[in-house]
Trainee: 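Right, I'll just put the structure down here and ask away after.
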Amino acid sequence: MSDRGQELIEQRQAKLERLRASGCDPYPARYQRTHTTQEAVQALQTAEDKGATPQEEIEVSLAGRVTAMRLMGKRTFIDLRDGTGKIQTDLREDVLGDESYQAFVDAVDIGDFVGVSGTLFRTRSGEITVHARQYAFLAKTLRPPPEKWHGLQDVEVRYRQRYLDLMANAPVRDIFHLRSRVVAAIRHFLNERGFLEVETPVLQPSAGGAAAKPFVTHHHALDRDLYLRIATELHLKRLIIGGLDRVYEIGPVFRNEGVSTKHNPEYTLLESYEAYADYQDVMKLVEEMVAYVAQQALGSLKVPYGDAELDLTPPWQRLTLRQAIEERTGIDFEAHADADSLRQAMAPLGVEVSETAGRGKLIDELLSTFVEPQLIQPTFLLDYPLEISPLAKRKPENPNLVERFEGFLAGREIANAFSELNDPQEQRERFLEQARLRAAGDEEAETVDEDFLIALEHGMPPTGGLGLGIDRLVMALSGQQSIREVILFPQLRAKE
RNA sequence: GACCGGGUAGCUCAGCUGGUAGAGCAGCGGACUUUUAAUCCGCAGGUCGUGGGUUCGAGCCCCACCCCGGUCACCA
């Protein structure tokens, strides 16, 4: 910290000591509020609407952070903000007394938490204001807050010290209020449909259910490595097997991969499983759920997106993955039965692909490069290649494809779902194929989960399963282009 | 991991072709009893990301490193 920064802290510490010396506790244990700032504003508006006369005074005690001060000699205006809003308070020397007024002015800083009690009135310019008769310091601050007008712009500080970002930037607060409403709406939607919310282990002996590298940790007492989950899928299916016919979990999963505007190593995933449903049923569930969430959280099914808008009204566009890729690249992957053939067909497109990529990886490359960025309006792509879908059930009429869809919105994948594979023998074969890929160097291949296979052998009903990225959904609904803007504490490199 | 851009006062930002570091807000002192980014007068405040180098002289040029952002790679 520079001398200047230290000087600003010392000035505030001196004020703190002055308060203490005068017998004032700068950090009292409690303060009795009668109103939030919002309630106080409403109280006066309600009284005015009823035609109250100015003589019928409304007494309030409220508390908040000082966000602005206008000192005018014998009178000082202070803006107080709490979690509900902001109100102006008016402190006058002739009301508080010389000594008390001066003590306040000498000690207060922007950022301090202060309580004020008095009566409500409107200033000449119409601002609802508390005419203060008493004040109390509730928490003295020792560091200066970000600048009031431009807010906090430095993205590094915004992410590392998110509290400053929330303090200074109202639109940031709005995003996280929105995020909370989104999650609440999802829970309400699923609960109403008879889904049971459950929690499954974060620490797992082997991490399965998705193609991703896990984080490894170690349990000392058991002296064994454990993995942070990369998905909740395999445990939720065990619950379906156990007879909990509709289950869901909302929680963090951890994937040991790079960060980008679309990826954070830990993110929040919704997974749901419904017995006796297939992927067509899940598709309807997703579009209805997202529409419901938007209506609840935003009050509209139309969401601004740049100059255009996203229209979430069901039904969403549906097309097969095969059609989508052929329309945008001219390549029909069904006409290329092996990786070499497909790689040759892709050569003119100029995409870089690794020499070792299998046919499924190549198809996925076509999807993510040429199709996904163009899927702005909500769209379902159906019927994915078997080799990149080891947990999904085959299409009866085409054994190379599975009953799987992904949902896209704002050019990003937000959902992935399938008719779950419930044939234990086929699941075992699929795992063994994954094990071969892993042995060949694919760190993201599924591991054979023997315990899960035993569970499947006890019988799982036909089931439709879903994974939906909460962060990406919130990105689309809030118009954000970076996942860091919708995660309170995104992953950053540790700083000395 | 590669490439591009960025890091200057507590905050927001200027800083020319290399010539002794600037503003606004915040702070401190003063004036001020209807302000709303209050206003007015004055003052103070800098390891220019870090470390080397070139130069008479570096915020600016060169090298290395750190951190952030973006693109790519990675990531169904």
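Throughout, a chain's letter reflects where its sequence line sits, starting with A, and its residues are numbered from 1. Keep in mind that this is a model prediction, so the values were computed, not measured.
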Trainee: Identify the pairs formed between an N or O of the protein and an N or O of nucleotides 68-70 of chain B at a distance under 3.5 Å, and give each distance.
Mentor:
unit_1: B:rC68; atom_1: OP1; unit_2: A:R160; atom_2: NH2; d: 3.4
unit_1: B:rC68; atom_1: OP1; unit_2: A:R493; atom_2: N; d: 2.8
unit_1: B:rC68; atom_1: OP2; unit_2: A:R493; atom_2: NE; d: 3.2
unit_1: B:rC68; atom_1: O4'; unit_2: A:E156; atom_2: OE1; d: 3.0
unit_1: B:rG69; atom_1: OP1; unit_2: A:R484; atom_2: NE; d: 3.1
unit_1: B:rG70; atom_1: OP1; unit_2: A:R484; atom_2: NH1; d: 3.3
unit_1: B:rG70; atom_1: OP2; unit_2: A:R484; atom_2: NH1; d: 2.8
unit_1: B:rG70; atom_1: OP2; unit_2: A:R484; atom_2: NH2; d: 3.2

Trainee: Once hydrogens and angles are ignored, does a donor-acceptor distance under 3.5 Å link the base of B:rA76 to the side chain of A:R404?
Mentor: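 Check passes, donor-acceptor contact within cut-off.
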Trainee: What nitrogen or oxygen pairs link the protein and nucleotides 37-41 of chain B at under 3.5 Å?
Mentor:
unit_1: B:rA37; atom_1: O3'; unit_2: A:K148; atom_2: NZ; d: 3.1
unit_1: B:rA37; atom_1: N1; unit_2: A:W149; atom_2: NE1; d: 3.3
unit_1: B:rA38; atom_1: OP1; unit_2: A:K148; atom_2: NZ; d: 2.3
unit_1: B:rA38; atom_1: OP2; unit_2: A:R70; atom_2: NH1; d: 3.1
unit_1: B:rA38; atom_1: N6; unit_2: A:L71; atom_2: O; d: 3.1

Trainee: So, are A:D79 and A:R70 salt-bridged, with charged N and O less than 4.0 Å apart?
Mentor: yes
Trainee: For A:D112 and B:rA26, what is the distance between atoms CG and P respectively, to the nearest whole Å?
Mentor: 15 Å
Trainee: Under 4.0 Å, heavy atoms only, any strand: does A:K86 hit a base, just the sugar-phosphate, or nothing?
Mentor: nothing
Trainee: How long is the line joining CD1 of A:I87 and C1' of B:rU35, in whole Å?
Mentor: 15 Å
Trainee: With rounding to the closest Å, how many angstrom separate the C1' atoms on B:rU8 and B:rG59?
Mentor: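 About 7 Å, rounded to a whole number of Å.
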Trainee: Not counting sequence neighbours, which residues clear ring pair (Phe, Tyr, Trp, His ring centres under 6.0 Å) with A:Y279? List them please.
Mentor: none
Trainee: Could I get the full list of ring pair (Phe, Tyr, Trp, His ring centres under 6.0 Å) partners for A:Y135, not counting sequence neighbours?
Mentor: A:F104
Trainee: Could you tell me how far apart A:E365 (CD) and B:rA76 (C1') are, to the nearest whole angstrom?
Mentor: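 After rounding, the reported distance stands at 11 Å.
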Trainee: Nearest-nucleotide wise, let me know which of A:T369 and A:F121 is further upstream toward the 5' end of RNA chain B.
Mentor: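 Comparing both residues, the 5'-ward one is A:F121.
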Trainee: Going by modelled atom types, is there a donor-acceptor pair between the base of B:rU35 and the side chain of A:Q88 at under 3.5 Å?
Mentor: yes
Trainee: Could you tell me which residues satisfy salt bridge (Lys or Arg N to Asp or Glu O under 4.0 Å) with A:D442, sequence neighbours excluded, listed by chain and number?
Mentor: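 Once residues adjacent in sequence are excluded, A:D442 has no partner under the salt bridge (Lys or Arg N to Asp or Glu O under 4.0 Å) criterion.
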Trainee: Who are the side chain to side chain contact (heavy atoms under 4.5 Å, CB included) partners of A:E39, not counting sequence neighbours?
Mentor: A:H35, A:T36
Trainee: A:M167 has an atom CE; how far is it from atom P of B:rG10, in whole Å?
Mentor: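 Rounded to whole Å, this separation is 17 Å.
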Trainee: What is the distance from CZ of A:R75 to C1' of B:rC32, rounded to the nearest Å?
Mentor: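 Nearest whole value for this atom pair: 12 Å.
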Trainee: Within this structure, what is the NZ-to-P distance between A:K74 and B:rG30, rounded to whole angstrom?
Mentor: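 Result: 13 Å.
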Trainee: Determine the contact category for A:Q153: base if any of its heavy atoms lies under 4.0 Å from a base atom, sugar-phosphate if only primed atoms, P, OP1 or OP2 are that close, otherwise nothing.
Mentor: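 The residue A:Q153 makes sugar-phosphate contact but no base contact.
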